[in-house]
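Presented below is the structure to which this report refers.
Values reported hereafter were calculated over all heavy atoms of this structure, with side chains retained and with hydrogens, waters and symmetry mates removed.
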Amino acid sequence: MTTIYMHPTKGFEMVKLSDGSQASVDVEKTPEGPRYQFWFKGHTHSDFWCDDSLENGQKISVESINGPEEFQIKLS
């Protein structure tokens with residue numbers, strides 16, 4: 001499992017991961033609520049989005065062509 005360290009955000013933010021890699025998250029407003037889009041540098045992880053509100057400790061499972069990955073959100 002890879003941990004994503006981030007702030008509670010309503011916009012764009014650069015984030016760090018427990019494996020030392022970097023990513024960014026951007027929040028898009030949709031009619032259903034916020035959509036969090038995660039982009040990873042260096043193709044170490046697959047990009048994904050989350051339509052749920054993010055909570056500290058939340059786990060997100062992502063299916064990719066490289067197999068399943070699990071991320072945990074750590075808010076500071």
Least distance between heavy atoms, [X] atom then [Y] atom:
X   : Y   : value
F40 : D47 : N-OD1, 2.9 Å
P68 : E63 : CB-OE2, 3.7 Å
G11 : D26 : C-OD1, 3.7 Å

Residues which pass side-chain hydrogen bond (donor to acceptor under 3.5 Å, both in side chains) with [X], listed by chain and number, not counting sequence neighbours:
X   : value
S18 : none
E28 : Q37
E69 : H45
S64 : S46

Please lay out, stage by stage, how Q22 and V15 fare under the test side-chain contact (heavy atoms from CB on, under 4.5 Å). CA-CA 6 Å; Q22 292 186 333; V15 297; over 6 Å; no

Residue pairs passing the side-chain hydrogen bond (donor to acceptor under 3.5 Å, both in side chains) test where at least one lies in residues 1-12, sequence neighbours excluded: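 Pairs touching residues 1-12 that pass the test: H7-E13.
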
By the side-chain hydrogen bond (donor to acceptor under 3.5 Å, both in side chains) test, which pairs, at least two apart or in different chains, include something from residues 48-58?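 For residues 48-58: R35-D51.
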
Could you walk me through whether F38 and V62 satisfy the side-chain contact (heavy atoms from CB on, under 4.5 Å) test, starting with their C-alpha distance in whole Å, then the side-chain angles of each, then the deciding distance to 0.1 Å, before giving a yes or no? CA-CA 11 Å; F38 292 85; V62 176; over 6 Å; no

Give, for atom CD1 of I4 and atom OH of Y36, the distance between the pair rounded to the nearest 0.5 Å.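 Reported to 0.5 Å precision, the distance equals 12.5 Å.
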
Quick one: do F71 and L75 end up in the same hydrophobic cluster if we chain Ile, Leu, Val, Met, Phe, Trp and Tyr together by side-chain heavy atoms under 4.5 Å apart?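 Result: yes, single cluster for both.
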
